[in-house]
Amino acid sequence: GQLNGMRENVATPYLEKKGLGARKGVFLGEDGKTTCIPAFDVDGKLWTMQYIQEYGTKRFAKNGRKEGCFTVAGGGMDAMRNAPAIVIAEGYATAGSISDGIAAPVVAAFDSGNLMAVAKALHDKYPDKAVIVAGDDDQHLLDNPRVRRNVGREKAEMAAEAVGGKAVFPLFAPGEREKDCAGFTDFNDLGTKSKFGMAAVERQLKPTIEKAITEKVKELERNKQQERSRSEGMERLWKNAKRLRNRRKSGSGNSISARTRRRRHGRYWTQSVRNWMCRGTRWNLILMRLNCAGRSERMPLMRKMPSKQH
């Protein structure tokens with residue numbers, strides 16, 4: 001297919017320009033000048049190819065799919081699956097420099113517009129891994145009248161936020177950006193152009209990656225604990241429902257709880273006392289009236305109604 005006639009793991013003009021050597025997974029075109037980088041989905045299926053000319057001009061294969069596709073610098077798909085965290089960068093040169101700096105595989109999403117789709121696809125595929133987006137800091141675009149936005153930073157932060165990950169950006173030596181703002185934007189520039197060098201790539205990224213991994217482990221542990229609590233609660237509800245069903249099957253006497261029996265017993269005795277008090281009151285009134293009847297008519301048994309006048 002697309003890789004026929006191409007040579008892999010050889011130096012290309014673009015890689016040399018970016019301070020990178022020969023790379024596994026990167027091909028040199030038949031013309032001996034074009035750098036060819038295949039783009040895969042999360043399942044490892046090849047969908048398109050990025051062609052980079054020796055002066056940096058980039059294009060993709062016609063009718064290919066780029067959204068959600070990526071390549072891995074520093075070990076390939078298998079190394080990424082076994083890594084404790086997923087580090088995503090924009091271009092391949094940036095991913096390659098980061099991979100050299102931290103000695104781990106790094107995903108290249110090809111451009112900032114594809115960061116979100118790649119981050120979501122990898123997060124859905126590997127939800128137990130921390131995601132770190134190593135973005136470009138495009139401060140020079142703020143002065144561009146057609147843009148007026150730091151696109152690289154915005155896209156990286158949005159992608160990291162969408163998957164609960166972390167976004168990190170390079171920090172350069174004082175004065176470097178003031179001299180050439182467009183030339184100092186990503187981690188490849190930090191490793192190959194800055195005074196700080198490749199040591200700064202590791203120094204600036206390693207703490208963020210380790211912190212993201214620690215937080216992800218704690219999050220997974222909290223989720224497991226919540227799941228256990230939820231399962232135990234459902235089990236208790238099931239046991240209570242089963243016990244109640246067995247009581248109802250065994251008979252009406254056993255189906256009544258002790259609390260219900262006490263409530264009914266209390267209502268019975270309360271009504272009995274009320275009845276007894278009512279009966280006693282009636283008898284007392286009758287006796288009082290009988291006793292008083294012989295002496296005077298102050299408490300007549302019955303009040304005489306006035307007779308009708310005919």
Side-chain angles (χ1 to χ4, degrees), residues 12-20 33-37 39 48-71 73 87-98 101 106-121 131-163 165-197 200-201 204-205 208:
T12 70
Y14 176 74
L15 292 179
E16 290 179 348
K17 180 183 176 182
K18 289 292 185 178
L20 303 175
K33 299 179 180 179
T34 305
T35 302
C36 305
I37 305 175
T48 188
M49 184 84 69
Q50 185 184 49
Y51 302 103
I52 308 177
Q53 304 302 320
E54 56 183 323
Y55 298 108
T57 304
K58 301 176 182 179
R59 67 179 179 86
F60 285 89
K62 188 178 181 180
N63 298 326
R65 169 193 150 190
K66 184 191 73 172
E67 184 178 2
C69 295
F70 56 89
T71 193
V87 183
I88 307 173
E90 280 192 29
Y92 186 88
T94 305
S97 295
I98 295 173
V106 179
V107 173
F110 299 111
D111 56 48
S112 61
N114 200 33
L115 284 174
M116 177 78 77
V118 171
K120 286 184 176 180
V131 177
I132 299 93
V133 181
D136 291 9
D137 193 6
D138 298 327
Q139 291 189 16
H140 63 286
L141 294 180
L142 296 173
D143 298 327
N144 189 325
R146 294 184 177 181
V147 183
R148 299 291 186 186
R149 293 167 50 207
N150 191 333
V151 179
R153 178 177 284 272
E154 290 180 8
K155 297 291 185 181
E157 290 175 346
M158 289 171 60
E161 183 180 0
V163 297
K166 301 287 184 182
V168 59
F169 304 93
L171 299 174
F172 299 96
E176 289 181 338
R177 306 202 76 171
E178 287 74 10
K179 294 179 181 179
D180 184 11
C181 190
F184 292 86
T185 61
D186 55 40
F187 283 98
N188 175 259
D189 300 329
L190 178 64
T192 60
K193 298 179 182 179
S194 175
K195 298 176 183 177
F196 291 156
V201 176
Q204 294 183 21
L205 283 168
T208 302

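Values below: all heavy atoms of this structure, side chains included; hydrogens, waters and symmetry mates excluded.
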Peer 1: First locate atom CE of Met158, then atom CE of Met116, and finally report the distance between them rounded to the nearest 0.5 Å.
Peer 2: 4.5 Å

Peer 1: Show your working on side chain to side chain contact (heavy atoms under 4.5 Å, CB included) between Thr34 and Gln53 and close with a plain yes or no.
Peer 2: CA-CA 5 Å; Thr34 305; Gln53 304 302 320; 3.5 Å; yes

Peer 1: Answer yes or no: is there a side-chain heavy-atom contact under 4.5 Å between Lys18 and Thr192?
Peer 2: no

Peer 1: Give me the atom names and distance for the closest heavy-atom approach of Ala89 to Thr94.
Peer 2: CB-CG2, 3.9 Å

Peer 1: Indicate the atoms forming the closest heavy-atom contact of Ala156 with Ala167, along with that distance.
Peer 2: O-CB, 4.0 Å

Peer 1: Any side-chain heavy atom of Glu67 within less than 4.5 Å of one from Asn114?
Peer 2: yes

Peer 1: Asp143 side chain to His140 main-chain N or O, any donor-acceptor pair under 3.5 Å?
Peer 2: no

Peer 1: Without swapping roles, check the side chain of Glu176 against the backbone of Lys195 for a donor-acceptor pair under 3.5 Å.
Peer 2: yes

Peer 1: Atom OG1 of Thr35 and atom CD of Glu54: how far apart are they, to the nearest 0.5 Å?
Peer 2: 9.0 Å

Peer 1: Taking side chain as C-beta onward, heavy atoms only, is Glu157 less than 4.5 Å from Glu161?
Peer 2: no

Peer 1: Of the non-hydrogen atoms in Gly68 and Ala117, which two are nearest, and what is the gap between them?
Peer 2: N-CB, 3.6 Å

Peer 1: Apply salt bridge (charged side-chain N to carboxylate O under 4.0 Å, His left out) to the pair Arg177 and Asp137, showing each step before the final yes or no.
Peer 2: CA-CA 11 Å; Arg177 306 202 76 171; Asp137 193 6; 2.9 Å; yes

Peer 1: Determine the sole option in Phe60, Phe70, Tyr92 for which the ring-ring contact (aromatic ring centres under 6.0 Å, His included) test with Phe110 is passed.
Peer 2: Phe60

Peer 1: Could you report the tightest heavy-atom contact between Leu20 and Ser97, atom names first, then the distance?
Peer 2: CD2-OG, 3.8 Å

Peer 1: Calculate, to the nearest 0.5 Å, the distance between atoms CG and CG belonging to Asp136 and Leu141 respectively.
Peer 2: 10.0 Å

Peer 1: Can you give me the closest heavy-atom contact between Phe187 and Pro170, atom names plus distance?
Peer 2: CZ-N, 3.5 Å

Peer 1: Between Gln139 and Asn150, is there a side-chain heavy-atom distance shorter than 4.5 Å?
Peer 2: yes

Peer 1: Do Val163 and Lys120 touch side chain to side chain, with heavy atoms closer than 4.5 Å?
Peer 2: yes

Peer 1: What's the separation between atom CG in Leu190 and atom CZ in Phe169, rounded to the nearest 0.5 Å?
Peer 2: 14.0 Å

Peer 1: With side chain to side chain contact (heavy atoms under 4.5 Å, CB included) as the test, would you mind laying out the steps for Gln204 and Val168 before giving the verdict?
Peer 2: CA-CA 9 Å; Gln204 294 183 21; Val168 59; 5.7 Å; no

Peer 1: To the nearest 0.5 Å, how far apart are CG in Leu15 and CD1 in Ile52?
Peer 2: 7.5 Å

Peer 1: Please give me the minimum heavy-atom distance between Asp138 and Gly152, naming the atom from each residue.
Peer 2: OD2-N, 3.0 Å

Peer 1: Between Lys193 (side chain only) and Gly183 (backbone N and O only), is there a donor and an acceptor less than 3.5 Å apart?
Peer 2: yes

Peer 1: Would you mind reporting whether Thr48 and Arg65 have side-chain heavy atoms less than 4.5 Å apart?
Peer 2: no

Peer 1: With a 4.0 Å cut-off, would you call Lys66 and Asp111 a salt bridge?
Peer 2: yes

Peer 1: Please report the interatomic distance NZ(Lys179) to CZ(Phe172), rounded to the nearest 0.5 Å.
Peer 2: 14.5 Å

